[in-house]
Amino acid sequence: MTRTQSDAASRPSRGDTPPSGGLAPLPASSRPADIPSPDDPAVSLRSVATGYGGTSVLRELSLHVGRGEFVGIVGPSGSGKTTLLRLLTGRAEHHGGEVEVLGTRVRPGRAPDGVGYVPQLEAIDWDFPATVEQVVLLGDTANSAVVPWFSRAEKRRAWELIERLGLGGLERRQIRALSGGQRQRMFLARALLRRSELLLLDEPTSGVDLATRGDVLRLLGDLHHLGLTVVLTTHDLNFVAAHLPRVVCLNGEVTADGAPADVLTPDALCRTYGAPMRVLHDRGRVVVVDAEQIELHAGPDHLTGAVQHDVEPDHVTPCDPEERDDTHRPHRGPATGDGEVER
Amino acid sequence: MSLTELLLDPFQYAFFGRAMIAGIVIGAMCGALSVFVVLRRMSYIGHGLAHSVLGGVAVGVALGVDLYLGAIAATVVSALLIDRVTRRRGLHADAAIGIVTTAIFAIGVATLSIVPTRINVEAVLFGNILGVDTTDLWVAVGVGLAFAVVLLTLYKRLVFVTFDPEVAEVHGVRTGRIELVFSLSTAAVVVASVRVLGVLLIAAAVVIPAAIARLTARTFGGTLVLATVIGVLASVVGLFGSFHVNVPSGPTIVLAGASAFAIVFAVTAGMARLRVDRARRDEAEGNKLRSVRS
């Protein structure tokens with residue numbers, strides 16, 4: 001398996017202006033300690049296997065994420081995305097291989113330092129009687145004194161993060177009264193309060209509308225630009241295709257890994273999802289559509305206004321992952337010009 | 001009978017003074033505990049652990065050991081088994097509680113049927129303020145102090161684990177230990193409460209205060225304080241009721257709490273209705289004004 005390093009050149013250095021201009025620099029006390037280097041691994045898995053109750057979930061998984069990278073993990077339900085996050089956070093046992101996070105070997109039952117975790121919004125009881133400030137303050141509980149209150153310094157740090165993540169004025173708001181985007185921002189603030197160098201997000205685009213998705217993405221981009229390593233799982237292929245520099249396709253093992261334009265090919269998607277998918281290229285952008293649900297005669301003009309192809313149902317190439325096993329390398333994107341359909 | 005007599009007469013009896021102190025401590029403990037029990041959706045835990053007390057008491061008395069030792073052993077074993085079964089085998093807590101504690105309760109019933117004992121089964125089931133002796137009082141105060149220490153020192157960690165156990169673990173909180181301490185604390189509170197509340201009614205005492213507090217409080221700390229106060233008030237009112245109406249203390253304490261819940265529920269629902277009506281009225285008036293202007 002190969003992976004392009006094209007994103008390495010565009011990797012930001014600390015202090016650059018955030019691309020969206022939306023996020024002010026993090027408080028010094030909440031920033032990663034060192035300027036990230038892509039050669040210095042934030043995440044390193046070597047030949048890792050794991051499963052539950054005799055069922056194998058991940059097989060011989062090897063994956064390397066350098067510090068300062070922004071990576072999206074995609075794959076079908078049950079492909080091992082959440083299990084991978086559990087492995088990285090010491091919440092799952094592995095049968096073989098090694099798992100290292102931020103230079104430390106991860107042992108089951110011991111969460112590695114420097115990792116901030118953002119769960120799926122659906123997993124939370126939003127009627128819990130808590131305010132934004134209280135939830136953010138919980139982020140560094142493990143290092144907080146054994147008294148039932150938080151110190152002024154801890155509160156100051158939480159307020160700074162709340163302010164910088166665009167939640168200023170909402171400190172005392174009940175969490176149930178927050179929008180989807182505000183909830184994600186609150187959880188990111190909680191994760192950063194721990195002085196996290198690595199942010200792990202489980203399905204951050206799940207259950208949020210398009211506007212909120214964009215809001216979350218901009219925020220993650222800003223955090224990445226400030227030097228954090230970001231690894232997220234998602235079902236949203238077009239989200240990673242459009243915005244993330246690196247995508248890892250997972251289905252028990254890494255089926256493809258690299259820049260979206262190189263990785264999101266019909267072959268790789270067939271291997272990953274076991275279903276035929278079409279990949280449209282438009283002005284350098286990759287759009288993945290379900291081949292069996294495509295509006296065949298209308299054409300995808302409504303997406304860009306530039307694509308001129310009508311695709312007949314008979315022309316959809318059947319997907320057989322076994323047959324395509326000889327094409328395990330990420331597709332390098334041949335001469336598919338703007339508006340072309342690759343199948 | 002005047003109000004003063006109503007309030008002071010019971011204290012002519014030493015047992016009532018002991019019962020009142022024990023009741024206040026137990027009410028506070030159950031009130032505080034109820035917040036974690038309700039928010040973790042483990043309302044069954046108090047019910048289950050209390051049931052297992054009967055098994056421990058019956059077996060303990062049959063073996064000739066102290067009543068409390070049997071109760072402690074049964075609840076600790078229950079709490080540990082529930083904790084292990086839930087965490088290690090992936091069973092949901094309600095199923096684990098249903099299996100473990102009902103089995104220990106069944107052992108108690110079987111033991112009482114086979115071995116003749118002098119246990120006042122009604123007192124164990126429903127509570128009895130007449131039976132509160134000095135030992136019961138010290139047990140309640142001791143457990144209350146220990147529970148307060150646990151709550152104060154682990155407060156932030158308990159809140160984190162209650163709100164978001166997954167992230168708490170990733171963020172370095174030893175959730176396994178916190179869960180274990182919580183289970184053992186719950187067991188201790190249940191054992192200390194049996195004399196006053198009775199096996200069958202503890203479950204309500206570790207649910208109602210938090211249910212009332214959640215209707216009004218906005219923050220976790222506010223919910224905790226309010227639930228604790230409600231627990232104490234329900235105990236005090238219930239103990240007076242038990243004395244004057246000559247009913248076991250467990251039912252009167254639970255009825256006091258349930259009545260408070262009904263009142264607060266009705267009041268908050270009424271206030272919410274009023275707010276909605278007012279908002280609709282304001283909107284209608286606004287629309288009328290706009291149509292007049294246009």
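Just so it is clear: chains get the letters A, B, ... in the order the sequence lines come, proteins before strands, and each one is counted from 1.
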Are more than 12 heavy atoms from other residues, nucleotides or ligands located less than 6.0 Å from atom CH2 of B/Trp138? no
Answer with side chain, backbone, both or neither: which region of B/Arg214 has an atom nearer than 4.5 Å to a non-hydrogen atom of chain A? side chain
Is atom CG of A/Asp125 surrounded by more than 12 heavy atoms (other residues, nucleotides or ligands) closer than 6.0 Å? yes
With only heavy atoms counted, which part of B/Thr223 is less than 4.5 Å from chain A, the side chain, the backbone, both or neither? side chain
Under 4.5 Å from any heavy atom of chain B, what part of A/Val135 do you find: side chain, backbone, both or neither? side chain
With a 4.5 Å cut-off on side-chain heavy atoms, are B/Leu152 and A/Val147 touching? no
Checked A/Gly114, A/Ala123, A/Ala130, A/Ser144 vs chain B; the most non-hydrogen pairs under 4.5 Å come from A/Ser144
Heavy-atom distances under 4.5 Å only: say whether B/Thr162 touches chain A with side chain, backbone, both or neither. both
Working to the nearest 0.5 Å, report the span between CD of B/Glu166 and CZ of A/Arg86. 7.0 Å
To the nearest 0.5 Å, atom CG of A/Asp127 lies from atom CG of B/Leu39 at 10.0 Å
With a cut-off of 6.0 Å (strictly less than), are more than 12 heavy atoms of other residues, nucleotides or ligands near CZ of B/Arg41? no
Walk me through it: do B/Val159 and A/Gln134 pass the test side-chain contact (heavy atoms from CB on, under 4.5 Å)? CA-CA 10 Å; B/Val159 175; A/Gln134 288 169 337; over 6 Å; no
Are A/Arg110 and B/Arg174 packed together at the side-chain level, in the sense that at least one heavy-atom pair is separated by less than 4.5 angstrom? yes
Looking at A/Glu93, I want to see if its CD is surrounded by more than 12 non-hydrogen atoms of other residues, nucleotides or ligands under 6.0 Å. no
Mind telling me whether A/Phe128 and B/Phe220 have parallel, tilted or perpendicular rings, with 30° and 60° as the class edges? parallel
B/Tyr44, OH atom: more than 12 neighbouring heavy atoms under 6.0 Å: no
Would you give the length of the straight line joining atom CZ of A/Arg172 to atom OG1 of B/Thr219, rounded to the nearest 0.5 angstrom? 10.0 Å
Output the distance between atom OG1 (A/Thr89) and atom NE2 (B/His171), rounded to the nearest 0.5 Å. 10.0 Å
Where on B/Val35 is there a heavy atom nearer than 4.5 Å to chain A: the side chain, the backbone, both, or neither? neither
Proximity breakdown for A/Ile175 and chain B, heavy-atom pairs closer than 4.5 Å: side chain
Give a yes or no on whether the backbone of A/Val146 and the side-chain of B/Lys156 come within a donor-acceptor separation of less than 3.5 Å. no
First locate atom CZ of B/Phe163, then atom OG1 of A/Thr141, and finally report the distance between them rounded to the nearest 0.5 Å. 11.5 Å
Gap separating the CD atom of A/Gln174 from the CZ atom of B/Arg218, nearest 0.5 angstrom: 4.5 Å
Flag the one option from B/Val167, B/Thr175, B/Leu158 with the top tally of heavy-atom pairs under 4.5 Å to chain A. B/Val167
Nearest heavy-atom approach of A/Ala111 to B/Gly172 is CB-N, 4.4 Å
